[in-house]
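Okay, structure first, notes after.
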Amino acid sequence: MTRHVAIIGHPVSHSRSPLIHGYWLARHGIDGSYGVRDVAPENIDRFLADFAASGLVGGNVTVPHKEAAFRTCATRDSVAEALGAVNTIWLEDGALHGANTDVHGFLANLDAAEPEWTRALGEAVVLGAGGAARAIVYGLLQRGVDRVVVANRTLARAQALRDQFGPRVLPVEWRDLGGRLMGCRLLVNTTSLGMKGQPPLDIDLSALSPDALVTDIVYVPLETPLLRAAKARGLATVDGLGMLLHQAVPGFERWFGVRPVVTAELRALAIADLKAKGQFA
Ligand code: ATR
């Protein structure tokens with residue numbers, strides 16, 4: 001029987017998940033489908049509570065439904081428990097179960113692009129304190145990073161991350177960021193600044209050590225102004241497209257029983273899609 005899976009969000013038509021999973025389904029010759037389900041916020045609880053009636057065996061959950069999925073799942077993996085958000089769901093024994101694969105996506109992307117990135121890492125600086133930042137701060141702490149400095153326009157949200165994850169998180173005012181870059185070996189942008197249509201992320205990178213790594217979770221455009229500025233200084237950079245590709249791996253394995261690989265061919269397909277939609281640069 002064909003196994004149907006979909007991404008569930010609102011709006012969701014722009015999602016690249018069908019491209020990613022469609023590539024793996026074809027590559028592995030699996031009898032499955034990966035579609036799109038736009039579910040309005042007022043309907044999401046009912047949709048998830050009666051998930052078996054949807055005809056799907058699982059799915060990805062994206063904005064704004066990750067918290068609803070968290071609430072509805074009968075069981076959740078430890079990452080989802082820590083983050084209060086579920087992005088991957090599946091039916092098992094008639095019940096809905098959930099996981100969060102964003103942390104895996106972030107870490108696996110860095111591992112693939114810069115295998116030595118955790119060596120002598122010491123301090124990391126995370127810009128932003130929203131849902132994406134929570135996942136990344138959690139992932140960095142799990143990997144043993146000594147200290148994660150979180151700079152956010154709204155300081156209270158950075159402080160909330162310290163309250164949740166403990167004293168290895170150091171919240172700082174956005175305007176004090178410059179002074180924190182000196183000891184930083186990894187700089188991560190999780191804000192929407194630099195995204196197409198948004199103002200650029202305009203920070204002075206001159207204090208960063210020459211062996212610092214700069215990464216951005218924004219991938220529209222693929223080379224954000226932050227990454228361009230980092231490259232111009234000769235710093236190593238990792239773009240955000242890989243996080244999207246890698247976060248998809250555990251879900252595919254869960255639904256279809258094959259652990260897929262993020263290949264150069266898949267990345268090229270995703271880049272071609274960005275170009276076709278005028279989102280590459
Ligand atoms: P996500 O779940 O994708 O992380 P979010 O919760 O909306 O999204 O968080 C967006 C992040 O980008 C926040 O850190 C936000 O800062 P605030 O907490 O102060 O809102 C940051 N951000 C968005 N626009 C910004 C801007 N113009 N200047 C600085 N930070 C901005």
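Order of listing sets the numbers, starting from 1, for every ligand and every atom in it.
Counting atoms of ligand 1 from 1 in the listed order, those under 4.0 Å from a heavy atom of Gly128 are 14 (O). Proximity to Ser192 (heavy-atom distance under 4.0 Å) selects the following atoms of ligand 1: 12 (O), 23 (C), 24 (N). The distance from ligand 1 to the heavy atoms of Arg157 drops below 4.0 Å at these ligand atoms: 6 (O), 9 (O), 13 (C), 17 (P), 18 (O), 20 (O). Atoms of ligand 1 lying under 4.0 Å from any heavy atom of Ala132, numbered from 1 in the order shown and given with element: 1 (P), 2 (O), 4 (O).
The shortest N or O to N or O distance between Thr190 and ligand 1 is not under 3.5 Å. Polar contact with ligand 1: present for Asn152 (N/O pair, distance under 3.5 Å). Looking at ligand 1, you won't find any N or O of Thr191 less than 3.5 Å from one of its N or O atoms. Looking at Gly131 next to ligand 1, an N or O pair under 3.5 Å apart turns up. In terms of polar-atom proximity, defined here as any N/O pair under 3.5 Å, Ala133 makes no such contact with ligand 1.
Under the 6.0 Å distance and 45° angle rule, Arg37 does not count as a cation-pi partner of Phe47.
Using a 4.0 Å cut-off between heavy atoms, Arg153 contacts ligand 1 through both its backbone and its side chain. At a heavy-atom distance under 4.0 Å, only backbone atoms of Ala129 (N, CA, C or O) approach ligand 1. Residue Val63 does not touch ligand 1, judged by heavy-atom distances below 4.0 Å.
Among protein heavy atoms, atom 29 (C) of ligand 1 sits closest to Leu193 CD1, 3.5 Å. Closest to atom 9 (O) of ligand 1, if we only count protein heavy atoms, is Gly130 CA, 3.7 Å. Closest protein heavy atom to atom 17 (P) of ligand 1: Thr154 OG1, 3.4 Å.
Here the closest heavy-atom approach between residue Ala85 and residue Asn100 is recorded as O-ND2, 2.9 Å. Closest heavy-atom contact between Asn152 and Ala129: OD1-N, 3.3 Å.
Under the 3.5 Å distance criterion, with hydrogens and angles disregarded, no donor-acceptor pair is assigned to the side chains of His246 and Asn109. Between the side chains of Tyr23 and Glu265, at least one donor N or O lies within less than 3.5 Å of an accepting N or O.
Placement of Leu187 and Val145 in two distinct hydrophobic clusters is found when ILVMFWY residues are connected by side-chain heavy-atom separations under 4.5 Å, directly or transitively.
Ring planes of Tyr138 and Phe165: tilted class, angle from 30 to 60°.
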Residue pair Lys231, Leu226: steps toward the side chain to side chain contact (heavy atoms under 4.5 Å, CB included) verdict:
CA-CA 9 Å; Lys231 278 183 193 166; Leu226 172 69; over 6 Å; no

Kindly indicate, with the supporting measurements, whether the criterion side-chain hydrogen bond (donor to acceptor under 3.5 Å, both in side chains) is fulfilled by Asp102 and Asn87.
CA-CA 8 Å; Asp102 287 333; Asn87 76 340; 3.1 Å; yes

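The shortest side-chain heavy-atom distance between Val12 and Val39 does not fall under the 4.5 Å cut-off.
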